[in-house]
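See structure below.
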Amino acid sequence: MTKKVHLYGVGGGGINIASLFERFRGRETDLKVVMDVSYVDTSRANMRDELDVNRFYHIEGLDGSGQIRSENLSPIRSAIPAIVNKFKPADLNIVIFSADGGK
């Protein structure tokens, strides 16, 4: 039975790591999973040309965290329902991020 896995690359570090799985997106792998990959950030700086802009969610009204991580907590938290609505959860959902963002 094939399962669906969704990777959410969040922030610069998460986007960089999740993009490594882009080549598997939509294809069944040897592990019998179909992978989906999407990207979320407070800035457009990490959106690279080789990534599908339709798979990217920019949190409206923000342009990075300006080295103060707590600054964007409320807008990020408020955006979660819209993110999950745009990029539907799968059987297994993995959020990839770094603990060093916003600096």
Side-chain angles (χ1 to χ4, degrees):
M1 177 184 210
T2 301
K3 296 289 185 178
K4 294 181 181 177
V5 175
H6 195 131
L7 299 180
Y8 295 87
V10 179
I15 289 171
N16 289 339
I17 294 167
S19 69
L20 298 173
F21 295 89
E22 187 68 32
R23 64 185 173 179
F24 301 112
R25 186 166 54 87
R27 297 185 8 222
E28 185 173 332
T29 69
D30 293 341
L31 300 173
K32 298 295 182 201
V33 299
V34 174
M35 191 166 295
D36 198 0
V37 183
S38 56
Y39 309 96
V40 179
D41 207 342
T42 58
S43 168
R44 296 185 188 277
N46 296 302
M47 185 58 200
R48 301 186 306 272
D49 289 339
E50 65 269 16
L51 300 179
D52 182 353
V53 70
N54 296 313
R55 307 295 314 153
F56 185 82
Y57 186 96
H58 174 247
I59 298 176
E60 198 171 319
L62 300 179
D63 186 27
S65 289
Q67 300 183 351
I68 305 170
R69 288 181 219 145
S70 61
E71 180 101 358
N72 291 331
L73 178 60
S74 182
I76 292 169
R77 189 177 284 160
S78 297
I80 292 172
I83 294 165
V84 173
N85 188 50
K86 182 173 181 176
F87 304 123
K88 302 293 185 206
D91 298 313
L92 174 64
N93 302 283
I94 303 169
V95 179
I96 303 171
F97 62 95
S98 73
D100 196 41
K103 330 195 284 182

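When reading the values below, keep in mind they use all heavy atoms of this one structure, side chains included, and skip hydrogens, waters and symmetry mates. Nothing fancy with the numbering, it's 1 onward along the sequence. Computed from a predicted model, the values in this text were never measured in an experiment.
Annotation for Gly12 and Asp41: closest pair N-OD2, 3.9 Å, computed over non-hydrogen atoms. The two atoms that bring Gly9 and Ala18 nearest to each other are CA-CB, 3.7 Å, heavy atoms only. Listed here is the closest heavy atom pair of Phe56 and Arg44: CZ-CA, 4.3 Å.
Phe24 and Leu92 fall within a single hydrophobic cluster, where Ile, Leu, Val, Met, Phe, Trp and Tyr are joined by side-chain heavy atoms under 4.5 Å apart, directly or via other members. Linking Ile, Leu, Val, Met, Phe, Trp and Tyr residues whenever their side-chain heavy atoms come within less than 4.5 Å places Val37 and Val53 in a single cluster. Hydrophobic clustering, with ILVMFWY side chains joined whenever heavy atoms are under 4.5 angstrom apart, groups Leu20 together with Met35. Cluster membership check: Tyr57 shares its hydrophobic cluster with Val95, using side-chain heavy-atom separations under 4.5 Å among Ile, Leu, Val, Met, Phe, Trp and Tyr. Using a 4.5 Å cut-off between side-chain heavy atoms of Ile, Leu, Val, Met, Phe, Trp and Tyr, with links allowed through other members, Val5 and Ile15 fall into the same hydrophobic cluster.
Checked by atom type, the side-chain pair Arg77/Asn72 shows no donor-acceptor distance below 3.5 Å.
Side chain of Lys88 to backbone of Asn85: a donor-acceptor contact under 3.5 angstrom is found. Not one N or O on the side chain of Asn16 forms a donor-acceptor pair closer than 3.5 Å with the backbone of Gly13. The main-chain N or O of Leu51 is never found under 3.5 Å from a side-chain atom of Arg55 such that the two would form a donor-acceptor pair.
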**Request:** Report the C-alpha separation of Leu7 and Asp36 in whole Å, then their side-chain angles, then the decisive distance to 0.1 Å, and conclude whether the side chain to side chain contact (heavy atoms under 4.5 Å, CB included) test is met.
**Result:** CA-CA 6 Å; Leu7 299 180; Asp36 198 0; over 6 Å; no
**Request:** Go through the steps to decide whether Phe87 and His6 satisfy the test side chain to side chain contact (heavy atoms under 4.5 Å, CB included), and finish with yes or no.
**Result:** CA-CA 9 Å; Phe87 304 123; His6 195 131; 3.6 Å; yes
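Annotation: the span from Glu22 atom CD to Ser38 atom OG amounts to 9.5 Å, rounded to 0.5 Å. Atom OH in Tyr8 sits 9.5 Å away from atom CD1 in Ile83 (nearest 0.5 Å). Interatomic distance, Thr2 OG1 to Glu28 CD, rounded to the nearest 0.5 Å: 3.5 Å.
Atom NZ of Lys4 sits in a sparse spot, with 12 or fewer heavy atoms from other residues, nucleotides or ligands closer than 6.0 Å.
Taking the ring pair (Phe, Tyr, Trp, His ring centres under 6.0 Å) definition, one finds that His58 meets it with nothing, sequence neighbours left out.
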